[in-house]
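In what follows, a structure is listed as structure tokens, so that the remarks can point back to it.
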Amino acid sequence: MTQQELQEFSENLDTALSWMQAIQERLKANDNTQGPRDALEARLRETEKIHQSEHEGRVKMDMALVAAENLLQSADEELRNQTHAKLKDLKSQWEETCTYIIHCHSRIEWVWLHWSEYLKAYEEFELWLMKQQRSLDTGVELQLGVKEKLWQVDQQRVMVSDVHGQATLLERLLDEAAALHNRTQDPSVDSQAQERLREAYNNVRDRAEERLTLLQKIAEEHQMYQGCVQKFQSWLLTKTKELTDLMEKEDTGENKLKALQALDDSVASEEKTLQHIEGVVEALRGNTSPAGAEVVVEEAEELRLGWHRLRQGLCEAEDGLRVSLNSHSQYVTRCQQLEEDIGRLRVLLQGLDQELETSHTAGDPTGCTEEQMVGQWRKYRDVRNTLAGEESQVDFLKTQLKELFRFSEDSRHLSDDVLALVKEHQSVKCRVTRLCSESESGLRNILQDPLLVYAQWSHMVSQVLEASAKVTDFSHIAMLVQNIEHLLKDSIQMQERFRLLQVKRELLDSVFGPERSDGLQGELTAAIRNRELLHTQLLQRKSRLQGLISRTKDFGDAYKLIRSKLTDLKDRLVAIDSLQPDILAKKSQVDQFRVIQKDLEDCEAHITALESLVFSSQSNKTQFERLKAEWNHLHKAVKVKVHESEESIEEHESFHDSLLNMEKWLMIMKQKLESFHSPSGEWSIEGRQHEAERALGEFPEKELQLEQMEAQGQGVLKKTAEEGRVHISRDMKRLQESWLALSNINVTLLRYLENVFVIVVGILQENTGYTSRIREFEAWLCKENEILSGILRTKGVRLDAKQQDTLKALKAEVGWGQEQFQLLLQESQSIEDGSRPAEDMGLEELRYHWMLYKSKLKNVGEIRARTSAKVRRTINPRVLHYLLCEYTIMCYVNLTANAPVIPVTNPVSFTLDSVLIVQ
């Protein structure tokens, strides 16, 4: 039993020791951290398996310990000692093996984990490097303005800060790589790999810092540019204010001019600054986005424009001062030059206009020849070219006039002359353009006229040849012979016109163009050939018809035929020669007169043919002359009737239009006057003063038109039949009744206005409570007004030297008068409300007089010109009555509106003056 247990213990002990030895050998084989990561990972898996097999070893150890328990209970002390020694050695080896397993596995696992963490950090660092490199590889994004560029600098600064912040991570990575390399000796973490990583980081850092430096430079350049712009703008505003202050400063012209010159030199010297800014703009354009570049370019252009405007303002101010220093002499010189230029151009325009008038009068399109039309067209063209050449002179006159406006002297007369000259130039230009176009159109018609005439002539020839083929009647033969003679005469004229047209190829080309000219030449050639053929046929037909006439011997039959035709025409004339009742009947009558006139003209051919049958018979000759005289008398009488009928129709139509217009005016005016009735049936013109003035002012003119129309109606009655006179008389009677009814309404309104005028005058006479200062100012104003009225009443348009001095003195006193009136207003405002009404009415009355006086004084030239044109006419009492009513209306409206009312001692004089001023 003991032997068996000893054997079992020995086997278990050997098994445990063998397992420990195998494990230690495996651990020794894997106890190495050097080499690539894959090998390290394989060793890690192997040590992990060994670590996991520790349980197996413990089982073997426990089996040995269990087997040793029986031996330890043995009586053999030596055996127990040997067993104890073996167990002690076994436990010692077990502990050593376990410790070795743990230490080996932990060391390899720690290196592997360390390497994994390093690779993770390395990959993140590599991704960061790649991101930064991609960002830096992208070009600098151009920005809009300085704000965006500063934002871009801040972003780049953040990026640089981030790069610098990664330096710590880089150092840790490099330390970890060095530590790993010491343990693993792997090339991926050797010193070269570490150096490559450091170089990549340094490259990113350097590029980021360079990018930051570049962006800072770009932003600083833009900031510098903006600073220069703002400084230049402030400088422009300062200099502009200096110019304004200098011009508003009260100083002599010489001092102002010196100061302006100094300021101009200062402004001119700043052009270098402006050029520097423009140079900076050129540099900025490459570092700024297109929209931003456009903005800075516009800013620079605006600065340049502002600088030019300032220079221009300085130049204009200097010119103005220089002109003001010697204004009178320059003004006179320029006026003389302008007047000479105006006179020269006016003479030229008058000459051209007279030339156009003469050419147009002499070259009536209905009767001028082709040569005249060509000459007329060329003359119009020359005049048009001359006017076009004078356009610059007209513009120069306008420029001269604008320069004269800078002077303090009055240049209105020259302005009127220039304006009249410009209008005359435009009038002549429009006229010559129209005449040139008309003459060119007429010239085309004349050049084409031979072909058009030929077409009509050839058609008429065909008709005459066809009609004369089988004619036998004497009257028809005579008419046909006359027609053929006319056609032959027209043929000879056409031949000459064709010949002249053939040699005018250049004129045709210039008027119609080459293509149309070639077509006309072809048509002309065909027309010449056909005309010759038709001309020959007409000559042959004329010879045959004349032969028939020569064989006709019966003069008496032909005479009786023509005589009966004349008698029939005379009877027709007598039958229709009577007064007609209306316009339509008169137009029908004049048409019948024209038909008789046409028949008489056709009968002339028969008389001409009859003359060939007279021969030597005295009796036939006497009858022919009597017949000829009768035809002449009848033809003249018909022409007179046609003319009288046309005049009668024109007079009747004019009378009819006047009648309709007058009836329309009466109807409208009746509605206007009735509208002045209030709903209660009383008259009221409140708020409608101007409408009432216009309505009353129309009556005198319409009354004159009514009288003229009545006289015109009497003339129409004399030339109208009895049944038509009834209607005309009835219309005139109705018109007279309408006029009388409207006159009654007008008279009622006039009486109402007269009563209002009396009331107003009475009210004005009651308001006499004025202060002494108001009376003094009123007396002074009355005296000044009398002096001004004396100047206005003088005859002639221009004033003499004494009157001009008086007028200047009156204008000089206006300032003092205005000060006195302002004092009166202030005193009136200081009065208590209870004592103000009388003073207020007197003051408002005085205010109106004062305003009227200043208005008359301001417009004295225009008033005198119109007064001189009006005082020669005799004033109709009815017109004077209407003027008084106008004044009454104005007083009434102002009174109802609590406005100032005009007190007048001489209403007629005041009303006439007021009307002149208003006009």
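Nothing fancy with the numbering, it's 1 onward along the sequence.
A salt bridge is defined here as a Lys NZ or Arg NE, NH1 or NH2 lying under 4.0 Å from an Asp or Glu carboxylate O, and Arg172 with Asp175 fails to meet this definition. Salt bridge status for Asp245 with Lys249: absent, with no side-chain N to carboxylate O gap under 4.0 Å.
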Show your working on side chain to side chain contact (heavy atoms under 4.5 Å, CB included) between Gln275 and Arg304 and close with a plain yes or no. CA-CA 9 Å; Gln275 292 173 351; Arg304 171 68 69 174; 4.1 Å; yes
Under the side chain to side chain contact (heavy atoms under 4.5 Å, CB included) rule, what do Glu209 and Asp206 come out as? Steps first, then yes or no, please. CA-CA 5 Å; Glu209 291 176 350; Asp206 295 341; 4.2 Å; yes
Under the ring pair (Phe, Tyr, Trp, His ring centres under 6.0 Å) rule, what do Trp94 and Trp19 come out as? Steps first, then yes or no, please. CA-CA 10 Å; Trp94 171 250; Trp19 180 86; 5.7 Å; yes
For side chain to side chain contact (heavy atoms under 4.5 Å, CB included), just list the numbers for Tyr201 and Val163, CA-CA rounded to whole Å, side-chain angles, deciding distance to a tenth of an Å, and then say yes or no. CA-CA 8 Å; Tyr201 169 80; Val163 171; 4.0 Å; yes
Is there a side chain to side chain contact (heavy atoms under 4.5 Å, CB included) between Leu169 and Gln166 once you walk through the steps? CA-CA 5 Å; Leu169 178 60; Gln166 294 293 329; 3.2 Å; yes
Assess whether side chain to side chain donor-acceptor pair (under 3.5 Å) is satisfied between Tyr122 and Glu126, documenting all intermediate values. CA-CA 6 Å; Tyr122 179 81; Glu126 280 288 334; 3.0 Å; yes
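Considering CZ of Arg157 and CD of Gln152, their distance stands at 12.0 Å, rounded to 0.5 Å. For the atom pair CD of Glu242 and OG of Ser266, the computed distance is 7.0 Å after rounding to the nearest 0.5 Å. For the atom pair CD of Glu301 and CD of Glu298, the computed distance is 7.0 Å after rounding to the nearest 0.5 Å. The CG atom of Leu90 lies 11.5 Å from the OG1 atom of Thr83; values are rounded to the nearest 0.5 Å. Atom CD of residue Gln223 and atom CD of residue Glu220 lie 7.0 Å apart, to the nearest 0.5 angstrom. In this structure, CD in Glu270 is found 10.5 Å from CG in Leu310, a value given to the nearest 0.5 Å.
Here the rule is side-chain hydrogen bond (donor to acceptor under 3.5 Å, both in side chains) with Gln312, and of Glu316, Arg309, His308 only Glu316 fits it.
At least one donor-acceptor pair closer than 3.5 Å links the side chain of Thr433 to the backbone N or O of Lys429. No side-chain donor-acceptor contact under 3.5 Å links Tyr100 to the backbone of Glu95. Of the possible polar contacts, none joining the Trp115 side chain to the Trp110 backbone as a donor-acceptor pair under 3.5 Å is found. Looking at Lys239, its side chain never comes within 3.5 Å of a backbone N or O of Leu263 through a donor-acceptor pair. The main-chain N or O of Leu260 is never found under 3.5 Å from a side-chain atom of Asp264 such that the two would form a donor-acceptor pair. For the pair Thr15 (side chain) and Glu11 (backbone), a donor-acceptor distance under 3.5 Å is present. Side-chain atoms of Arg211 come within 3.5 Å of backbone atoms of Leu136 as a donor-acceptor pair (strictly under, hydrogens ignored). With hydrogens and angles disregarded, a donor-acceptor distance shorter than 3.5 Å links the side chain of Thr97 to the backbone of Gln93. One N or O on the side chain of Thr47 and one on the backbone of Leu44 form a donor-acceptor pair closer than 3.5 Å. With Thr238 contributing its side chain and Ser234 its backbone, the two residues share a donor-acceptor pair below 3.5 Å.
Taking all atoms of both residues into account, the shortest heavy-atom contact from Leu170 to Arg198 is CD2-CA, 4.3 Å. Scanning both residues, Gln143 and Thr288, for their nearest heavy atoms gives O-CG2, 3.1 Å. For the pair Val160 and Ala208, the tightest heavy-atom approach, listed with the atom from each and the gap, is CG2-O, 3.4 Å. What you find for Leu142 and Ser289 is that their closest heavy atoms are CB-N, 3.5 Å. Smallest separation of non-hydrogen atoms from Asp341 and Phe396: OD2-CE2, 3.9 Å. Closest heavy-atom contact between Ala219 and Val146: O-CG2, 4.2 Å.
Atom CZ of Arg285 has 12 or fewer neighbouring heavy atoms from other residues, nucleotides or ligands inside a 6.0 Å radius. Heavy atoms of other residues, nucleotides or ligands lying less than 6.0 angstrom from CE of Met130 number 12 at most. In Met63, the CE atom is not crowded: 12 or fewer heavy atoms of neighbouring residues, nucleotides or ligands sit closer than 6.0 Å.
Annotation: side chain of Ile50 is not in contact with side chain of His105 (no heavy-atom distance under 4.5 Å). For the pair Gln132 and Asp162, the minimum side-chain heavy-atom distance is below 4.5 Å. Side-chain contact check for Leu197 versus Leu129: some heavy-atom pair is nearer than 4.5 Å. Considering only heavy atoms from C-beta on, Val394 stays 4.5 Å or farther from Leu421 through its side chain. Within the 4.5 Å cutoff, side-chain heavy atoms of Val418 are placed close to those of Leu338. Residues His222 and Val296 meet the side-chain proximity criterion, which asks for heavy atoms closer than 4.5 Å. The shortest distance between side-chain heavy atoms of Leu284 and Val280 falls below 4.5 Å. A heavy-atom distance below 4.5 Å is not found between the side chains of Glu278 and Glu282.
Remark: the Glu109 side chain and the His51 side chain contain no N/O donor-acceptor pair separated by less than 3.5 Å.
For the salt bridge (charged side-chain N to carboxylate O under 4.0 Å, His left out) test, no residue two or more places apart in sequence or in another chain qualifies with Glu124.
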